[in-house]
Amino acid sequence: WRYACQHPWQTWLSFLGIMLGVMMVVAVDLANSSARRAFALSVDAVNGNITHQIVGGSDGVPAEIFTALRTQLGIRRSAPTLAASIRVAGQELTLLGMDLVSEASLQRRRPGFSVEPRTLLALGFASLGQSNAVLMSTTTAASLQLEDKQEFVLRSNAGDATALLAATFTSLEPVATEGLVFADIATAQMLLKRAGTVDSIDMVLTDGQVQQVTNWLPAGLTMVAADSRNAALAQMTEAFHVNLLAMSLLALLVAGLLIYNTVSLSVLQRQQTLGILRSLGATRSELIKLVLTEAAVLGVLASLAGVLAGLLLGQGLVTLVTRTIDDLYFDLTVTRFLLDPLVLLKGMAWGT
């Protein structure tokens with residue numbers, strides 16, 4: 001303690017080195033785990049448990065393809081989907097357009113709803129009387145300061161439109177439905193000025209139906225397996241996550257070199273004191289335990305400070321990470337910071 005007080009700058013340099021290294025690892029790890037969880041929830045919230053999708057080019061899929069799919073092939077477990085990024089009251093959201101009757105026959109399971117798809121179906125039928133009606137969770141409505149039956153301005157790439165919050169619902173998994181605005185697909189087409197087209201036709205198919213739909217599909221449209229598409233998206237973002245993790249570990253490596261030098265210097269500066277202790281009967285192992293105990297106390301205190309600082313930094317960093325994924329890879333509907341206790345324990349272990 002006396003040595004630490006006599007060399008405050010050296011002591012604080014060691015403390016800050018550990019703290020900053022742990023802070024970077026914890027912050028990036030938390031941002032990475034939050035982004036991965038956001039990706040999984042966003043895919044589940046939009047796609048649910050479907051097996052295949054019919055997709056088109058930049059113009060989407062003509063709506064009459066869905067009608068023909070049902071009338072000509074009799075594929076009942078199918079539903080069209082339309083999704084687009086929108087902005088409401090300065091917040092980025094996702095508008096999800098669905099055909100309510102088709103969703104009931106598709107029996108899609110989405111996270112966040114207590115009964116699937118009956119809860120959404122009942123809410124949807126309650127709002128069909130309004131041409132611009134939308135639905136959202138109570139959490140999302142509260143963040144936008146909106147109440148039932150209140151009109152608001154919805155901004156998209158197609159321009160501004162006026163929407164009506166017809167009803168709200170309570171989600172069992174608020175993170176999964178946060179940032180999602182639900183509407184009947186005809187309403188979504190009107191709000192987004194996308195009459196006659198949808199983004200995809202989602203299906204739950206048997207092995208025999210897969211070949212049947214593949215042979216029937218018109219030119220210009222493609223059927224993809226939902227799992228393979230999600231896996232491809234996950235692989236694209238994985239390199240981004242690995243790059244972030246490598247940079248955080250590099251910060252920890254630099255901190256480790258800094259700590260090693262400062263602790264080594266503190267031992268060299270105390271050669272005379274340690275020599276006196278040896279002459280008084282202290283053993284070599286006792287001196288090693290003394291130095292390691294000092295380092296352990298410093299490591300635990302600095303690591304604890306680093307974990308707390310990383311927790312604060314991670315909350316800001318997750319916004320930047322999810323924004324980058326939004327811009328480069330996939331439109332995330334979930335951007336909330338998710339706390340992972342394992343990451344905090346790992347940061348403590350790294351620092352110590």
Side-chain angles (χ1 to χ4, degrees), residues 1-5 7-42 139 143 173-176 178-179 234 237-267 288-326 332 334-352:
W1 174 252
R2 183 165 60 248
Y3 175 81
C5 293
H7 301 81
W9 285 104
Q10 189 172 315
T11 304
W12 279 112
L13 189 63
S14 298
F15 185 90
L16 287 175
I18 301 170
M19 190 192 80
L20 292 175
V22 172
M23 178 186 72
M24 285 300 297
V25 172
V26 169
V28 172
D29 259 12
L30 286 174
N32 268 340
S33 60
S34 294
R36 282 194 176 95
R37 178 65 173 155
F39 179 84
L41 284 173
S42 296
T139 305
S143 67
E173 194 173 357
V175 176
E178 182 185 14
T237 60
E238 188 60 29
F240 176 67
H241 293 306
V242 171
N243 188 39
L244 284 177
L245 181 60
M247 287 191 292
S248 69
L249 292 176
L250 180 61
L252 190 62
L253 176 62
V254 173
L257 294 173
L258 179 65
I259 296 156
Y260 175 77
N261 287 327
T262 53
V263 172
S264 298
L265 182 61
S266 74
V267 174
I288 292 175
K289 288 179 182 177
L290 174 66
V291 173
L292 291 180
T293 302
E294 290 180 3
V297 171
L298 181 65
V300 169
L301 295 177
S303 297
L304 183 59
V307 166
L308 295 176
L311 191 59
L312 295 175
L313 179 62
Q315 295 182 33
L317 193 59
V318 69
T319 304
L320 301 177
V321 173
T322 52
R323 186 183 302 165
T324 303
I325 295 175
D326 261 342
L332 295 178
V334 181
T335 57
R336 181 181 290 189
F337 175 75
L338 299 171
L339 182 61
D340 187 354
L342 186 61
V343 172
L344 304 184
L345 292 175
K346 187 168 68 173
M348 281 292 296
W350 274 108
T352 304

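Values reported hereafter were calculated over all heavy atoms of this structure, with side chains retained and with hydrogens, waters and symmetry mates removed.
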Checklist entry - Restricting to pairs with a member in residues 291-313, which pass salt bridge (charged side-chain N to carboxylate O under 4.0 Å, His left out), not counting sequence neighbours? => result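 Output for this query lists R270-E294.
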Could you check if a side-chain atom of [X] sits within less than 4.5 angstrom of a side-chain atom of [Y], using non-hydrogen atoms only?
X	Y	answer
V26	L30	yes
W350	L249	yes
I18	L301	no

Return the [atom1] to [atom2] distance between [X] and [Y], rounded to the nearest 0.5 Å.
X	Y	atom1	atom2	answer
Q10	L265	CD	CG	4.5 Å
M23	L312	CE	CG	10.0 Å
S14	N261	OG	CG	9.5 Å
L13	H7	CG	NE2	13.0 Å

Using every non-hydrogen atom in the two residues, find where [X] and [Y] come nearest and quote the distance to one decimal.
X	Y	value
F15	A305	CZ-CB, 3.9 Å
K289	T293	O-OG1, 2.6 Å
V307	M348	CG2-CG, 3.8 Å

Item to check | All salt bridge (charged side-chain N to carboxylate O under 4.0 Å, His left out) counterparts of K346, not counting sequence neighbours | outcome: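 Per chain and number, K346 pairs via salt bridge (charged side-chain N to carboxylate O under 4.0 Å, His left out) with D29.
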Checklist entry - Side chain of S303, backbone of V300: donor and acceptor closer than 3.5 Å? => result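 The answer is no, because no donor-acceptor pair under 3.5 Å joins these two groups.
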Next on the checklist: Tell me whether the count of non-hydrogen atoms from other residues, nucleotides or ligands lying under 6.0 Å of OH in Y260 goes above 12.
Outcome noted: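 No, because the 6.0 Å sphere around OH of Y260 holds 12 heavy atoms or fewer from other groups.
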